[in-house]
Peer 1: 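Sharing a structure below in structure tokens format, with a few things to ask.
This structure is a prediction, so every number in the text was calculated from the model and none was measured. FYI, side chains are in, hydrogens and waters are out, and symmetry mates aren't considered; it's all heavy atoms of this structure.
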Amino acid sequence: DCMTTCLLCAAFFGSLGSSFLYGYNLSVVNAPALYIKAFYNKTWIERYGEPISTETVTLLWSVTVSIFSIGGLFGALSATLIIKVLGRKGTLLLNNSFAVIAAVLLSLGEMSRSFEMLIIGRLIMGVDSGIALSALPMYLGEISPKHFRGMIGQFNSILICLGVFTGQVLGMPELLGQESTWIYLFSFLALPAMLQLCVLPFLPESPRYLLMERRDEAGAEKAFQRFLGKKDVSQELEEVHMEARAQDKLHTVSVLQLLKSPAVRWQLITVIITMACYQLCGLNAIWYYTNGILREAGFTESILPYITLSTGAIETLAAIISGLVIERIGRKPLLIFGFFSMAVFFSLLTVFLNFQDRVSWMPYLSYVCILAVIASFCSGPGGIPFILTGELFEQSYRPAAFMIAGTVNWLSNFAVGLLFPFIQETLQSFSFLVFVAVCILGSIYLYVVLPETKNKTFMDISQSFAKINKMPIPSPGQEMELVLSINSDTNGKAQDATKMQTSL
């Protein structure tokens with residue numbers, strides 16, 4: 001079984017118009033920060049005839065940066081509805097319109113002397129990312145065969161990292177990070193969206209969605225044939241049919257039903273904790289710190305941007321390596337290793353920061369620690385939470401699960417951005433110890449609760465949780481009755497299913 005071009009194209013172009021843009025937007029505002037503030041000041045003088053006060057400009061700037069996560073929250077909340085109506089692929093395609101609208105607003109903001117346009121553009125870009133981080137992992141998890149599901153799922157993470165890196169590269173003073181050209185940093189947003197609009201329409205929709213929610217057998221068969229690159233996909237179709245039969249709810253479940261359902265209690269707790277750790281493990285804080293630590297290390301201002309590039313490059317590299325080994329090593333070891341080594345390097349970083357003034361070569365050790373924290377993050381925690389959200393839930397629960405995961409993700413993101421400056425003021429160089437605690441608690445929880453999901457069907461995964469949820473695992477006999485009762489109305493398949501069940 002090798003990967004087909006169709007599957008790789010879907011993974012790459014699907015992620016290019018989705019998670020790449022999310023990553024790009026995380027880093028792109030850093031380079032032109034001073035120019036954007038200057039533009040706010042200029043606009044303010046034109047409007048009110050006086051220079052903007054420092055407080056106002058700081059407030060406007062924080063709003064510009066953090067409104068992105070508010071948009072993300074809206075996106076994550078609305079994704080479930082859009083996915084229900086348009087399907088996985090349809091949602092990804094529609095989402096490009098948000099990216100294009102945001103690119104237009106952000107590019108024309110300076111010309112039309114309106115900082116409101118910049119802020120609204122960032123908000124819409126957030127909505128785009130919120131929808132993308134729900135629809136994309138769902139699509140990737142459903143189109144890939146089980147032995148490639150992790151690898152294809154890591155495309156999401158690899159392209160987030162690549163997006164961050166691209167934002168850093170294009171923001172270099174030699175490229176677009178100048179007074180005259182910073183708007184083009186935002187115009188660039190339209191490019192990946194356009195590329196996705198050119199390619200994705202020619203790729204199939206998720207076969208699981210077609211079969212279980214659209215009841216489109218022929219379409220699902222075609223989709224499987226193209227994604228798997230083989231004519232005979234009866235085994236795959238049968239697996240999806242079995243999944244449909246084993247599901248207690250055949251209709252898509254609402255968020256409330258999901259929260260109440262005892263059958264998925266621990267899956268839900270696991271996804272919430274993993275997503276919260278993904279945001280609260282302190283990676284966002286590292287970005288705030290890098291430049292300060294590098295300044296201390298005596299690097300001159302002119303080389304700082306290049307050294308920041310090294311962080312983006314390490315990030316991308318770690319994500320790619322993780323994607324290559326995830327099917328061998330498995331999700332659980334990578335997640336635990338990632339969180340645990342983050343805790344180790346954060347602790348070392350705290351020690352090094354405290355000795356920074358006394359020993360001349362300490363800052364270099366701090367810098368190495370920063371790179372190590374970033375690499376540890378990308379080795380597992382950077383992408384696997386999204387893969388797990390898709391894997392731990394069956395089809396009918398999946399959209400609601402992504403909505404909850406997305407809400408936790410964006411709220412935690414917002415909380416870190418809001419609270420970290422205060423934590424930093426209070427604890428100063430000890431502020432990283434908060435993250436050490438989060439990472440250690442996260443690894444312990446995952447070690448105790450999470451079963452390994454690599455190479456398992458969605459049904460196997462549900463069953464490994466049935467024990468923890470104290471739910472009865474259906475015995476073959478019961479399953480048999482269930483199959484016959486459901487199949488009596490889809491006659492014809494009943495005989496094959498019975499054969500299949502008895503052979504099991």
Peer 1: In terms of side-chain geometry, is the basic nitrogen of E391 or K146 positioned less than 4.0 Å from the acidic oxygen of its partner?
Peer 2: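 Judged by the 4.0 Å cut-off on N to carboxylate O distance, E391 and K146 do not form a salt bridge.
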Peer 1: Check this for me: does any side-chain nitrogen of one of E236 and K230 sit under 4.0 Å from a carboxylate oxygen of the other?
Peer 2: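 Counted as a salt bridge, because a side-chain N and a carboxylate O are separated by less than 4.0 Å.
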Peer 1: Begin with the C-alpha distance, continue with both residues' side-chain angles, and end with the deciding distance and a verdict on salt bridge (charged side-chain N to carboxylate O under 4.0 Å, His left out) for E205 and R214.
Peer 2: CA-CA 11 Å; E205 171 61 277; R214 283 283 152 92; over 6 Å; no
Peer 1: Under the 3.5 angstrom rule, does the side chain of R398 hit a backbone N or O of F393 as a donor-acceptor pair?
Peer 2: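 Yes.
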Peer 1: For Y445 and T270, does a side-chain donor sit closer than 3.5 Å to a side-chain acceptor?
Peer 2: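 Indeed, the side chains of Y445 and T270 share at least one donor-acceptor pair under 3.5 Å.
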Peer 1: Would you say Q279 and N409 are linked by a side-chain donor-acceptor pair, where the criterion is simply a distance under 3.5 Å?
Peer 2: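 There is such a pair between these side chains.
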Peer 1: Just by modelled atom types, is the T4 backbone N or O under 3.5 Å from a matching donor or acceptor in the R226 side chain?
Peer 2: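 No; zero donor-acceptor contacts below 3.5 Å.
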Peer 1: Does the N95 side chain pair with the main chain of T91, one donor and one acceptor, at a distance under 3.5 Å?
Peer 2: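 Checked: no pair found.
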Peer 1: For S206 and I143, indicate whether the former's side chain and the latter's backbone hold a donor-acceptor pair under 3.5 Å.
Peer 2: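 No.
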Peer 1: Can you check whether Y278 and F377 have ring centres sitting under 6.0 Å from each other?
Peer 2: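 For Y278 and F377, the ring centres are under 6.0 Å apart.
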Peer 1: Do S18 and L92 make a side-chain contact, defined as non-hydrogen atoms from C-beta onward lying under 4.5 Å apart?
Peer 2: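 When only atoms from C-beta onward are counted, L92 and S18 do touch, with a gap below 4.5 Å.
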Peer 1: Is there a donor-acceptor contact under 3.5 Å from the side chain of S69 to the main chain of G72?
Peer 2: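 A pair under 3.5 Å: no.
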Peer 1: Testing the 3.5 Å rule here: is there a donor-acceptor pair between the side chains of E243 and T457?
Peer 2: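 No, T457 and E243 have no side-chain donor paired with an acceptor closer than 3.5 Å.
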Peer 1: Kindly write out the residues that satisfy side-chain hydrogen bond (donor to acceptor under 3.5 Å, both in side chains) with S66, not counting sequence neighbours, or none if the list is empty.
Peer 2: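 Checked S66 against side-chain hydrogen bond (donor to acceptor under 3.5 Å, both in side chains); zero matches.
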